[in-house]
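Atoms considered below: every heavy atom in the structure, side chains included; atoms not considered: hydrogens, waters and symmetry mates. Count residues from 1 along the sequence. Just follow the structure's listing: the first ligand is 1, and inside any ligand the first atom is 1.
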Amino acid sequence: MKVAWAGSREAFQVSDRMAKLVANDPVFEKFSKPMLGRKELFKNTLRKAAYAWKLINDLRLTEEEAKWLRHYIDEPNYTDLHWEMFVPAIEGQGTKEQKKKWLPLAQTMQIIGTYAQTELGHGSNVQGLETTATFDRQTDEFVMHSPTLTSSKWWPGGMAKVATHAIVYARLIIDGLFHGVHGFIVQLRSLEDHSPLPGLTLGDIGMKFGHGTYNTMDNGVLRFDHVRIPRNQMLMRVSQVTKEGKYAQSDVPRQLLYGTMVSVRQTIVADASKALSRAVCIATRYSVVRRQFGSRNGGPETQVIDYKTQQSRLFPLLASAYAFRFVGEWLKSLYIDVKQRLEANDFSTLPETHACTAGLKALTTAATADGIEECRKLCGGHGYLISSGLPELFAFYVPACSYEGENVVMMLQVARFLVKTVSNLGYKQPVGTAAYLGRVTPLLQNNCAVQTAEDWLNPDAILEAFEARAARMVIGCGERLAMFENPEEGFAELSIDLVEASLAHCQLITVSVFIQKLNHEIPGNGVKRSLEVLCYVYALFLLHKHQGDFLATGYLTPKQASLANEQLRTLYSKVRPNAIAFVDSFNHMDHYLCSVLGRYDGNVYPKLYEAAWKDPLNDSDIVDGIQQYVQPILKQKLHYAKL
Ligand SMILES: CCCCC/C=C\C/C=C\C/C=C\C=C\C(=O)SCCNC(=O)CCNC(=O)[C@H](O)C(C)(C)COP(=O)(O)OP(=O)(O)OC[C@H]1O[C@@H](n2cnc3c(N)ncnc32)[C@H](O)[C@@H]1OP(=O)(O)O
Ligand SMILES: Cc1cc2nc3c(=O)[nH]c(=O)nc-3n(C[C@H](O)[C@H](O)[C@H](O)COP(=O)(O)OP(=O)(O)OC[C@H]3O[C@@H](n4cnc5c(N)ncnc54)[C@H](O)[C@@H]3O)c2cc1C
């Protein structure tokens with residue numbers, strides 16, 4: 001099962017080796033983080049990042065090993081942006097010459113980069129960005145400028161205090177004409193003394209949600225006051241500006257400029273499965289340890305994991321962690337395929353890849369953020385302690401619903417893809433994840449044939465249900481859209497339904513990938529049978545949660561929906577015996593979980609009690625302030641005007 005979760009034996013070995021390397025190195029201790037002030041916290045992160053970079057070089061780690069090392073260090077910091085956005089942006093949007101010049105500097109960290117796209121006034125709407133890059137043909141330079149307060153670059157990670165360079169997205173202006181938003185390599189700080197270069201105002205945007213989590217990252221604000229950069233620092237794979245000031249758009253889609261975001265969105269889906277698996281591991285292990293009520297004749301109380309309500313909240317999240325793991329693997333292969341096609345200027349799968357990365361990013365991050373919070377609640381009061389590991393995990397994770405594409409905005413991109421697919425049905429057969437829309441007649445006409453709860457243990461019945469639901473919602477939106485004279489107005493008016501139809505489409509993808517994974521990639525019987533149970537839990541949980549869609553579209557009867565719920569209850573009883581095996585298969589070390597409740601040894605109460613005494617407030621019995629502010633109250637016998 002560990003290999004099934006890791007994806008392969010080799011992947012398991014790499015991640016296991018890196019997890020142990022981090023867990024066994026005191027430099028990467030993290031329990032004390034919440035007690036540090038912002039400056040200490042940040043300096044601590046710089047120290048860890050420097051030590052990690054030395055480890056990577058001393059141990060000659062591979063790129064894959066280094067990714068896992070950074071992952072298990074589990075601390076947002078400037079290297080995230082450098083490796084996951086700055087370098088990929090140059091790789092994806094730079095010319096051969098630009099890659100030849102900048103990549104060696106970036107790959108040896110002689111320069112440290114960030115990705116500066118979002119501004120105070122615009123994040124989702126990239127075409128609305130205000131920073132300008134005006135071409136000066138006299139000097140063969142671009143003049144970077146922040147014309148308004150809202151044009152201030154705002155949020156880029158690592159930009160406030162560390163990054164020496166940035167990919168800055170700005171409006172290209174030539175002779176007063178706007179030629180779209182493009183990326184520009186801009187140096188921010190001196191490589192000698194790290195001071196901001198002339199014309200640049202740089203700072204941190206302030207503390208973020210949760211204490212010890214994202215405040216290890218220096219998300220920055222940046223303003224330009226007519227800063228000049230050479231013309232060859234505009235990323236020119238997609239579009240070019242000649243020395244004479246002529247703008248040329250290559251025969252590649254302008255959306256390749258968005259390629260870095262697509263790349264990160266597909267990694268975010270894999271990250272969602274990791275984050276959700278951490279929370280589920282903690283909540284499952286604790287639910288086995290925790291006993292409450294149910295004692296018979298002085299015997300032990302009931303383990304809370306045996307309550308059906310606890311199972312109905314926990315096991316769908318366990319199943320979702322596996323579903324997101326598998327769909328993340330599938331999405332990565334889709335992304336690798338599109339990257340290879342782009343090399344050959346084949347853009348045929350770019351729209352679908354964009355829709356899948358956008359939609360699955362939104363689906364998995366929303367479900368994971370909600371799931372982490374549910375896991376905190378599943379642990380009762382102790383889930384609210386920092387030592388449970390859950391509050392910090394939640395605070396670290398929730399911005400994923402906003403960054404790399406705000407979730408609703410992303411779902412609207414899926415809707416745009418689906419509407420276009422439906423409008424082309426007459427003369428273009430949909431393929432890939434939209435292929436089911438090419439079979440709408442049976443999907444619109446045939447209703448569910450399930451007669452018993454057992455009938456739901458059939459992948460074909462489940463697949464047909466999810467295809468019919470999505471098809472009927474998408475086609476329904478298409479039909480209502482057709483009634484609007486102005487398609488854009490119709491899209492805006494129907495956007496709520498369109499987002500719901502997009503969610504149905506994305507849930508179909510996750511269910512379908514889970515089924516495919518079981519049918520084609522999981523060998524043998526034991527692991528396969530166990531994962532089949534989780535696949536049915538995932539699918540039937542979604543069907544139950546969204547039964548309104550299945551009923552409203554006429555595909556399911558209330559009886560069939562009730563049979564699905566009955567089967568779900570039965571499935572929970574099948575998950576229960578393997579619950580700990582499922583979470584142990586994540587191979588999360590105690591260091592990574594950073595949770596007293598989720599300890600592998602289950603030794604919760606003594607360790608909870610021990611952790612309490614580490615709080616600085618327990619350094620003394622009579623703490624500072626008692627004499628000055630509490631004793632007087634006790635002695636003054638003051639009271640309300642009217643007792
Ligand atoms: C740092 C990484 C560490 C490891 C990774 C893990 C986690 C991350 C950790 C922490 C976070 C750290 C950093 C966070 C960074 C950021 O957040 S970077 C900034 C992210 N910002 C966004 O995502 C902005 C979202 N907005 C957009 O992408 C675009 O504005 C939007 C697509 C919404 C609209 O673009 P626009 O140009 O206006 O296009 P249209 O809607 O008009 O569509 C025109 C056509 O283009 C197609 N299209 C749009 N985008 C793409 C794309 N990416 N690829 C391919 N095609 C695209 C669209 O479908 C339309 O096609 P049709 O005309 O319909 O055919
Ligand atoms: C922790 C963190 C790290 C980040 N790091 C970086 C970074 O390194 N580099 C970088 O460039 N950026 C970064 N960002 C910024 C991030 O990319 C943006 O915050 C994100 O893209 C959301 O954009 P926004 O803030 O403009 O949201 P908005 O779009 O302003 O969202 C506000 C509300 O408006 C709604 N809305 C917006 N448009 C529409 C529409 N057309 N239809 C319907 N509803 C709509 C949204 O659904 C949302 O409910 C980071 C953000 C965070 C939180």
Please write down residue, atom name and distance for the protein heavy atom closest to [atom].
atom: atom 14 (C) of ligand 1; result: E404 OE2, 3.4 Å
atom: atom 44 (N) of ligand 2; result: V408 CG1, 4.4 Å
atom: atom 19 (C) of ligand 1; result: Q117 NE2, 3.7 Å
atom: atom 65 (O) of ligand 1; result: K420 NZ, 2.6 Å
atom: atom 37 (O) of ligand 1; result: Y258 OH, 2.4 Å
atom: atom 28 (O) of ligand 1; result: R265 NH2, 3.2 Å
atom: atom 43 (O) of ligand 1; result: R416 NH1, 3.5 Å
atom: atom 14 (N) of ligand 2; result: W155 CB, 3.5 Å
atom: atom 3 (C) of ligand 2; result: N219 ND2, 3.7 Å
atom: atom 8 (C) of ligand 1; result: Y403 CE1, 3.7 Å
atom: atom 17 (O) of ligand 2; result: T118 OG1, 3.4 Å

Please confirm whether [X] approaches ligand 1 to less than 4.0 Å, judged on its heavy atoms.
X: G123; value: yes
X: E406; value: no
X: Y214; value: yes
X: M217; value: no

(request) Check K361 against ligand 1 and report side chain, backbone, both or neither, counting heavy atoms closer than 4.0 Å. (result) neither

Determine whether the aromatic ring centres of [X] and [Y] lie less than 6.0 Å apart.
X: Y72; Y: H591; value: no
X: H71; Y: Y592; value: yes
X: H82; Y: Y115; value: no

Geometry only, no angles: is [X] polar-contacting ligand 2 at N/O separations under 3.5 Å?
X: H122; answer: no
X: L412; answer: no
X: W154; answer: no

Given [options], which has its nearest heavy atom closest to [atom]?
atom: atom 9 (N) of ligand 2; options: Y214, Y115, F396; answer: Y115
atom: atom 29 (O) of ligand 2; options: G157, G121, S124; answer: S124
atom: atom 1 (C) of ligand 2; options: P156, C401, P399; answer: P399
atom: atom 30 (O) of ligand 1; options: G259, A270, S124, G128; answer: S124
atom: atom 48 (C) of ligand 2; options: M261, E406, Q413; answer: E406

Does a side-chain N-to-carboxylate-O contact under 4.0 Å join [X] and [Y]?
X: E373; Y: R376; value: yes
X: E65; Y: R17; value: yes
X: R480; Y: D497; value: yes
X: K67; Y: E84; value: yes
X: R70; Y: E75; value: no

(message) Is the ring pair W53/W83 parallel, tilted or perpendicular, if the boundaries are 30 and 60 degrees?
(response) tilted

(request) Please work out whether the ring planes of Y214 and F396 are parallel, tilted or perpendicular, with thresholds of 30° and 60°. (result) parallel

Subset of ligand 2 atoms that lie under 4.0 Å from at least one heavy atom of [X]:
X: S402; result: 20 (C), 21 (O), 22 (C)
X: V409; result: 37 (C), 38 (N), 39 (C)
X: L81; result: 8 (O)
X: Q117; result: 11 (O)

Are any of the N/O atoms in [X] less than 3.5 Å from those in ligand 1?
X: V126; answer: yes
X: Q255; answer: yes
X: T267; answer: no
X: G405; answer: yes

Element-labelled atoms of ligand 1 that are located less than 4.0 Å from some non-hydrogen atom of [X]:
X: D271; value: 5 (C), 6 (C)
X: Y115; value: 18 (S)
X: V409; value: 33 (C)

Where does [X] meet ligand 2, judged by heavy-atom distances below 4.0 Å: at the side chain, the backbone, both, or neither?
X: T114; value: neither
X: N125; value: neither
X: N407; value: neither

(request) Please determine which of F224, Y169, F135, F142 meets the ring-ring contact (aromatic ring centres under 6.0 Å, His included) test together with F184. (result) F142

(request) Flag atom 52 (C) of ligand 2 as yes if some protein heavy-atom distance to it falls below 4.0 Å, otherwise no. (result) yes

(message) Strictly inside 4.0 angstrom of atom 32 (C) of ligand 2, do you find any protein heavy atom?
(response) no

(request) Among V168, L222, I167, find the one that has a side-chain contact (heavy atoms from CB on, under 4.5 Å) with V186. (result) V168

(request) Provide the closest heavy-atom pair for V87 versus A106 in the form atom of the first, atom of the second, distance. (result) CG2-CB, 3.9 Å

(request) Give a yes/no verdict on a cation-pi contact between K274 and W68, requiring under 6.0 Å between NZ or CZ and the six-membered ring centre and an angle within 45° of the axis. (result) yes

(request) Please say whether the positively charged group of R278, taken as NZ for Lys or CZ for Arg, lies over the ring of F586, i.e. under 6.0 angstrom from the six-membered ring centre and within 45 degrees of the axis. (result) no

